[in-house]
Novice: 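I'd like to ask some things about the structure below.
Note: hydrogens, waters and symmetry copies are ignored here, and every other heavy atom, side chains too, is used. FYI, the numbering just counts along the sequence from 1. These numbers were taken from a predicted model, which means no experiment stands behind them.
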Amino acid sequence: MLDNLLAVIRAENLSEQLYHSLVGLEIEEQRIDQHGRLSRRPHPSQLGSRTFHPYLQTDFTESQLEVITDPNPNIGGTLDQLDTLQTVAYRSLEGDDRIWPLSMPPVMDATDLKFIAEHFDRPAIRPYREYLIKKYGLQHGCLTGVHVNYSLPDPVVHRLYSHYDQEFPTLVAFKNALYFRIAQNFIRYQWLLTYLFGASPIAEKGFFEPLPKELQQPVRSIRNSRFGFVNFDQEQVTYTSLAAHLSQLQHFIDDGTYFSAHEFYGPVRLKGQANAHDFQTGGIRYLELRDFDNTPFTPNGVSRHMLYFLKIFMLYLLTQPVPADLATELAAARAKNRAVALENPLAPTQYQAEGIRIFAEMRAMANALATHTEQWEIIDDLEEVLMHPELTPAAKLLDHVDQGSLMKFGQAVARKWYHDRISAPALLPQLAQLSDQAQRFILTALQAGVQFYQVRDENGADLLMFTFDGVTQVLEDRETHVADPNVRLHQLFPDLPPLPTPLHY
């Protein structure tokens with residue numbers, strides 16, 4: 001199935017459009033206090049309710065922020081919005097709260113765990129959280145990471161379908177086949193991403209009791225190992241076929257193995273439908289890629305290099321046929337990823353030869369599609385990392401380990417990130433071309449949970465679009481020069497709820 005897809009993409013001259021597939025980010029990160037422990041402050045009172053906020057949410061703990069971007073065809077645009085949202089989050093922190101830069105949480109003791117268990121301000125999902133605590137433990141839910149949402153451009157899918165309409169009865173079936181091929185190949189080559197971007201080499205005190213033997217020396221990625229954010233071995237969902245994947249997922253939900261689809265922690269989630277059985281008729285709309293550790297080496301928590309590499313890598317996954325013995329290979333791939341996750345960060349991966357082959361195939365694809373310089377450069381850069389393990393994030397972190405801990409490093413990074421953002425000359429640096437008043441208005445809108453987009457009119461002038469509950473208001477910079485942005489926002493959006501009443505723990 002999907003034979004000669006690379007040739008069709010080349011013939012239709014679709015590589016550039018595919019390279020600009022949509023990417024959105026979900027960055028999980030923990031708030032910490034001045035001592036480097038998980039914060040005991042409530043969710044920031046300046047932020048709108050988590051029942052509807054499109055950008056700033058929480059997850060398992062009250063201290064766990066989740067920063068969510070809109071999908072964007074350009075990595076630069078995605079990162080600019082992320083930077084603005086991170087700045088909003090930082091400027092909303094209260095007291096001495098800072099942002100922990102690592103996927104593995106800071107030191108936790110019994111009092112920390114007791115506080116986490118007893119303080120949770122989202123009643124609607126409390127039963128699910130209590131179920132997770134009982135099943136996986138409190139520490140498991142305190143891990144953080146980066147999720148990448150990836151979707152193919154619909155016009156490209158339509159163009160490709162014209163070459164395969166005899167093979168697939170409907171456009172939905174064809175689109176599902178494209179997305180699921182990417183998912184299957186993502187599993188096959190997940191180990192390479194774990195090697196290149198793994199950044200959770202050690203656990204702090206209180207996470208494991210006792211510390212497993214395999215983790216008594218630093219590794220590449222605890223989070224992506226069998227000790228990380230994964231389902232139990234007997235509860236893994238197959239990727240051998242779309243029908244089998246959906247059937248097993250639904251079975252696990254129906255028989256109580258999973259509380260809901262949210263409990264499926266596989267490396268790739270199919271997204272776009274409310275229920276597993278709806279994907280066959282409604283279709284996959286995007287993929288959620290869940291393989292990535294937070295990086296402490298860029299202040300937004302995600303590597304620009306990773307995102308640019310992922311763009312070309314996803315095109316490679318799309319054009320690679322799946323092998324006939326897929327079930328065997330997927331099982332081997334899962335074991336391979338687990339092995340790489342627990343390797344010594346300073347040693348070459350045991351699968352380096354296979355990595356060299358993958359990069360050679362990526363180069364052949366890039367050459368066939370006449371990709372531009374930016375794509376060649378990212379392939380060159382990451383192949384260098386493959387050959388030199390000391391360049392990986394996990395290896396770089398070892399330089400900062402002090403007496404088996406990254407606490408001093410994590411706190412120092414957290415302090416620097418906070419200082420750099422709060423002391424920046426512009427309120428929102430990525431929007432520095434706008435007036436100070438406009439930046440203040442946008443900051444207030446984003447805090448409240450109003451969506452914001454910047455566009456330009458036919459004369460190149462900035463237009464500021466604000467959307468809440470299906471209502472969009474378009475303002476010019478001068479129209480944001482108001483005494484109280486909150487008052488003006490509620491005039492524009494009468495249904496915008498007031499900020500939640502602050503909690504006091």
Novice: May I ask you to check whether Tyr150 and Tyr179 place their ring centres under 6.0 Å from each other?
Specialist: no
Novice: Look only at the side chain of Glu288 and the backbone of Lys271, and say whether a donor-acceptor pair between them is shorter than 3.5 Å.
Specialist: no
Novice: Kindly say whether Trp417 contributes a backbone atom to a donor-acceptor pair with the side chain of Asp420 at under 3.5 angstrom?
Specialist: no
Novice: Quick one: does any side-chain atom of Ser103 pair with a main-chain N or O of Thr144 as donor and acceptor, under 3.5 Å?
Specialist: yes
Novice: Quick one: does any side-chain atom of Thr257 pair with a main-chain N or O of Ile253 as donor and acceptor, under 3.5 Å?
Specialist: no
Novice: Is Arg421 salt-bridged to Asp83, cutoff N-O under 4.0 Å?
Specialist: yes
Novice: Would a distance-only check, ignoring hydrogens and angles, find a side-chain to backbone donor-acceptor pair under 3.5 Å from Gln86 to Pro299?
Specialist: no
Novice: Taking side chain as C-beta onward, heavy atoms only, is Leu289 less than 4.5 Å from Met314?
Specialist: yes
Novice: Please determine if Arg290 forms a cation-pi arrangement with Phe229, meaning its NZ or CZ atom is less than 6.0 Å from the six-membered ring centre and no more than 45° off the ring axis.
Specialist: no
Novice: Working to the nearest 0.5 angstrom, can you tell me the gap between Asn224 CG and Tyr195 OH?
Specialist: 15.5 Å
Novice: Could you work out, with salt bridge (charged side-chain N to carboxylate O under 4.0 Å, His left out) as the rule, every residue matching Asp402, not counting sequence neighbours?
Specialist: Lys408
Novice: Quick one: does Tyr55's side chain get under 4.5 Å of Gln81's, heavy atoms only?
Specialist: yes
Novice: Is there a donor in the side chain of Gln30 and an acceptor in the side chain of Ser63, or the other way round, less than 3.5 Å apart?
Specialist: yes
Novice: When rounded to the nearest 0.5 angstrom, what distance separates CD1 in Ile378 from CE in Met306?
Specialist: 11.0 Å
Novice: Report yes if the side chains of Arg304 and Thr298 come closer than 4.5 Å at any heavy-atom pair, otherwise no.
Specialist: no
Novice: What's the shortest heavy-atom distance between Val219 and Pro345, and which atoms?
Specialist: O-CG, 3.1 Å
Novice: For the residue pair Leu382 and Leu196, what are the closest heavy atoms and their distance?
Specialist: O-CD2, 3.7 Å
Novice: Please step through side-chain contact (heavy atoms from CB on, under 4.5 Å) for the pair Phe207 and Leu143, ending with a clear verdict.
Specialist: CA-CA 10 Å; Phe207 192 84; Leu143 281 161; 3.8 Å; yes
Novice: Measuring from Thr392:OG1 to Leu398:CG, what's the distance to the nearest 0.5 Å?
Specialist: 8.0 Å
Novice: Report the C-alpha distance between Val67 and Glu29 in whole Å, list the side-chain angles of each, state the deciding distance to 0.1 Å, and finish with yes or no for side-chain contact (heavy atoms from CB on, under 4.5 Å).
Specialist: CA-CA 8 Å; Val67 183; Glu29 50 198 20; 3.6 Å; yes
Novice: Can you establish whether the number of heavy atoms outside His119 located under 6.0 Å from its atom NE2 is more than 12?
Specialist: yes
Novice: Hey, can you tell me if Phe264 and His245 have their rings parallel, tilted or perpendicular (30° and 60° cut-offs)?
Specialist: perpendicular
Novice: For atom CZ of Arg50, decide whether the heavy atoms of other residues, nucleotides or ligands shown that lie under 6.0 angstrom number more than 12.
Specialist: yes
Novice: Is a side-chain N or O of Glu28 found less than 3.5 angstrom from the main chain of Gly145, in a donor-acceptor match?
Specialist: yes
Novice: Could you tell me how the ring of Phe208 sits relative to the ring of Phe227: parallel (under 30°), tilted (30 to 60°) or perpendicular (over 60°)?
Specialist: perpendicular
Novice: I need the minimum non-hydrogen distance between Arg129 and Ile116, along with the two atoms involved.
Specialist: NH2-O, 2.7 Å
Novice: So with a 6.0 Å cut-off around CZ of Arg91, is the heavy-atom count from everything else above 12?
Specialist: yes
Novice: How long is the gap from CD1 on Ile68 to CG on Leu56, to the nearest 0.5 Å?
Specialist: 8.0 Å
Novice: Would the number of heavy atoms belonging to other residues, nucleotides or ligands and lying under 6.0 Å from CD of Gln234 be above 12?
Specialist: yes
Novice: Does Glu374, at its CD atom, have more than 12 non-hydrogen atoms belonging to other residues, nucleotides or ligands within less than 6.0 Å?
Specialist: yes
Novice: Where is the tightest heavy-atom contact between Val146 and Arg223, given as atom of each residue plus distance?
Specialist: N-NH2, 4.4 Å
Novice: Check the surroundings of atom NZ in Lys135: do more than 12 heavy atoms from other residues, nucleotides or ligands lie under 6.0 Å from it?
Specialist: yes
Novice: Arg37 and Asp109: side-chain contact (heavy atoms from CB on, under 4.5 Å), yes or no, with the steps?
Specialist: CA-CA 9 Å; Arg37 311 299 277 264; Asp109 61 20; 2.9 Å; yes
Novice: Given side chains that start at C-beta, do those of Leu386 and Leu192 come closer than 4.5 Å, heavy atoms only?
Specialist: yes
Novice: Output yes when Glu94 and Arg31 qualify as a salt bridge under the 4.0 Å nitrogen-oxygen rule, no when they do not.
Specialist: no
Novice: For the ring pair Phe441 and Phe466, is the centre-to-centre distance below 6.0 Å?
Specialist: yes
Novice: Treating Lys336 as the side-chain partner and Arg188 as the backbone partner, does any N or O pair qualify as donor plus acceptor under 3.5 Å?
Specialist: no
Novice: Hey, what's the ring geometry for His400 with Phe297, parallel, tilted or perpendicular (30° and 60° as the breaks)?
Specialist: tilted
Novice: With Ser221 as reference, evaluate Asp293, Asn337, Asp291 under the side chain to side chain donor-acceptor pair (under 3.5 Å) test and give the passing residue.
Specialist: Asp293
Novice: Just checking, any donor-acceptor pair under 3.5 angstrom between side chains of Gln430 and Thr84?
Specialist: no
Novice: Mind jotting down which residue pairs meet the ring-ring contact (aromatic ring centres under 6.0 Å, His included) criterion with at least one end in residues 19-46? Sequence neighbours excluded, please.
Specialist: Tyr19-His372
Novice: Looking at Phe120, is its backbone amide N or carbonyl O close enough to the side chain of Arg126 to form a donor-acceptor pair, meaning the two atoms are under 3.5 Å apart?
Specialist: yes
Novice: Would you tell me whether Tyr258 and Glu235 have side-chain atoms, one donor and one acceptor, within less than 3.5 Å of each other?
Specialist: no
Novice: Once you round to the nearest 0.5 Å, how far does CE of Met362 lie from CD of Gln320?
Specialist: 10.0 Å
Novice: Going by atom types alone, do Tyr136 and Glu263 pair a side-chain donor with an acceptor below 3.5 Å?
Specialist: yes
Novice: Might you point out which heavy atoms bring Asn294 and Ala199 nearest each other, and give the distance in Å?
Specialist: O-CB, 3.6 Å
Novice: What I'd like to find out is whether the side chain of Glu204 reaches to under 4.5 Å of the side chain of Ser405, using heavy atoms alone.
Specialist: yes
Novice: Would you please name every residue forming a ring-ring contact (aromatic ring centres under 6.0 Å, His included) with Phe197, sequence neighbours left out?
Specialist: none
Novice: As a quick check of understanding, evaluate side-chain contact (heavy atoms from CB on, under 4.5 Å) for Asp33 and Arg40, giving each step before the final call.
Specialist: CA-CA 8 Å; Asp33 64 19; Arg40 299 193 180 189; 5.6 Å; no
Novice: Output the distance between atom CD (Gln439) and atom CG (Leu428), rounded to the nearest 0.5 Å.
Specialist: 5.0 Å
Novice: In terms of ring plane angle, is the pair Tyr189 and Phe313 parallel, tilted or perpendicular, where the classes change at 30° and 60°?
Specialist: perpendicular
Novice: Is the shortest heavy-atom distance from the side chain of Trp376 to the side chain of Arg363 under 4.5 Å?
Specialist: yes
Novice: Salt bridge or not between Glu130 and Lys134? Use side-chain N to carboxylate O under 4.0 Å.
Specialist: no
Novice: Quick one, Asp469 and Phe52 - any side-chain contact, counting heavy atoms below 4.5 Å?
Specialist: no
Novice: Are any side-chain N or O atoms of Asn486 and backbone N or O atoms of Thr444, one a donor and one an acceptor, separated by less than 3.5 Å?
Specialist: no
Novice: Look at the side chain of Ser151 and the backbone N and O of Arg285, then say whether any donor-acceptor pair between them is shorter than 3.5 Å.
Specialist: no
Novice: Would a 4.5 Å heavy-atom cut-off, applied to side chains only, mark Ile32 and Asp97 as touching?
Specialist: no
